[in-house]
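Taking it in order: structure first as structure tokens, then the write-up.
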Protein chains: 2
Amino acid sequence: MLDRSCIEAIDPLLEILDGKWTLPLLLELFVGTKRFGELRRRLNPISPKTLTDRLRVLEEKGIITRTLYPGVPLHVEYELTERGRNLQPIFAAMWAWVQENGLSPERGTEIVEEINFGLI
Amino acid sequence: MLDRSCIEAIDPLLEILDGKWTLPLLLELFVGTKRFGELRRRLNPISPKTLTDRLRVLEEKGIITRTLYPGVPLHVEYELTERGRNLQPIFAAMWAWVQENGLSPERGTEIVEEINFGLI
DNA sequence: CGGCATCCCTTAGGATACTG
DNA sequence: CAGTATCCTAAGGGATGCCG
């Protein structure tokens, strides 16, 4: 049971995490700093428009930074900010839930390999 | 930094949490068991169609139960399952993030009142 | 390479009326 | 009361082409 007040408290975060690709995108950046093209390949088949949209929103919300390295060809890197990295416990909690509660109600608990989810 | 394997691991949960109203709905049920009409009022202005859709999906995923008490007028109650209640740490982590990281990058840390988020 | 600009389409979700 | 049935809108997202 939760206190009612937390409902509206969480709301601004839901706004940040909204969108089909936002969480997969953040997960990619948790693995490490990435360039536009690499994100696009990893998140295949995301469209460049959608990827740009999401990146801009996350940048605006202070979750990631965009660093431009001038030159030809262009080189742009996206990286999590402190605020962004602080989201880690949320993903850790999600991961833990999946491990402990399985993929579906019918299946039993899955035996999982040792997976390094924590901070490296 | 996270291990890459957790990305696909979390995927099934993202499927469950998907949708504009899913998290607010779950939060309502964390507060306590509720009837259809009460959920509808609390989540105003959700449409009955959407509420039904979301409830059906969550039921199918084993997150909530639907209990029908026969009679006129009808009486139906929705309640979190064990699997559903286990999502609590995720919301707790979200709540903690908002408290510690503020609503926006510009604003300083907000001073918050004592709020009971944990298990009651 | 890293995007915009454009156009298009699917679908989640809204509005409303009606029923067991 | 707790939905279902319809119809409809909006907006997220996809596909493609072009540009600095």
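Letters go in sequence order (proteins before strands), and every chain restarts at 1.
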Distance check needed: C:dT10 C1' versus B:Asp18 CG, whole Å only. 14 Å
Could you walk me through whether B:Leu26 and B:Trp21 satisfy the side chain to side chain contact (heavy atoms under 4.5 Å, CB included) test, starting with their C-alpha distance in whole Å, then the side-chain angles of each, then the deciding distance to 0.1 Å, before giving a yes or no? CA-CA 9 Å; B:Leu26 285 174; B:Trp21 293 100; over 6 Å; no
Residues A:Leu87, B:Asn101; criterion side chain to side chain contact (heavy atoms under 4.5 Å, CB included); working and verdict: CA-CA 10 Å; A:Leu87 292 170; B:Asn101 297 273; over 6 Å; no
Could you check whether A:Arg40 gets within reach of a base, just the sugar-phosphate, or nothing at all, counting any heavy atom under 4.0 Å? nothing
Rounded off to whole Å, could you give me the NE2-to-C1' distance for the B:His75 and C:dG20 pair? 18 Å
DNA chain D: 5'-most and 3'-most nucleotides touching chain B, 4.0 angstrom heavy-atom criterion: D:dC1 to D:dT6
Ignoring backbone atoms, test whether B:Lys20 places a side-chain nitrogen or oxygen under 4.0 Å from the OP1 or OP2 oxygen of C:dG14. yes
From CG of A:Leu51 over to C1' of C:dG3, roughly how many Å is that when rounded to an integer? 10 Å
Taking 4.0 Å as the cut-off, does a side-chain nitrogen or oxygen of B:Ser47 come that near to OP1 or OP2 on C:dG14? yes
In whole Å, what is the span from the CD atom of A:Glu77 to the C1' atom of C:dG3? 16 Å
Would you list the atom pairs, donor with acceptor, under 3.5 Å between side chains in residues 42-50 of chain B and any protein atom, with sequence neighbours excluded?
residue, atom, partner, partner atom, Å
B:Ser47, OG, B:Thr50, N, 3.3
B:Ser47, OG, B:Thr50, OG1, 2.9
B:Lys49, NZ, B:Asp53, OD2, 3.4

Whole Å only: how far is the NZ atom of A:Lys49 from the C1' atom of C:dT6? 10 Å
Parallel, tilted or perpendicular, as decided by the 30° and 60° cut-offs, for the rings of B:Phe30 and B:Phe91: perpendicular
Got a salt bridge between B:Glu82 and B:Arg85, using NZ or NE/NH1/NH2 to carboxylate O under 4.0 Å? yes
Where the side chain of A:Trp97 meets the backbone of B:Arg83, is there a donor-acceptor pair that is under 3.5 Å apart? yes
Short side-chain to backbone donor-acceptor contact, A:Thr33 and A:Glu79, under 3.5 Å: no
Do NZ/NE/NH1/NH2 and the carboxylate oxygens of B:Glu15 and B:Lys61 come within less than 4.0 Å? yes
Would a distance-only check, ignoring hydrogens and angles, find a side-chain to backbone donor-acceptor pair under 3.5 Å from A:Thr81 to A:Thr65? no
To the nearest angstrom, the CG-P distance between B:Leu43 and C:dG13 comes to 12 Å
Heavy atom of residues 65-73 of chain B under 4.0 Å from DNA chain D: which residues? B:Arg66, B:Pro73
Whole-Å distance, A:Ile64 CD1 to C:dG2 P, equals 14 Å
Between A:Gly19 and A:Leu74, which is nearer to the 5' end of DNA chain D once each is assigned its nearest nucleotide? A:Gly19
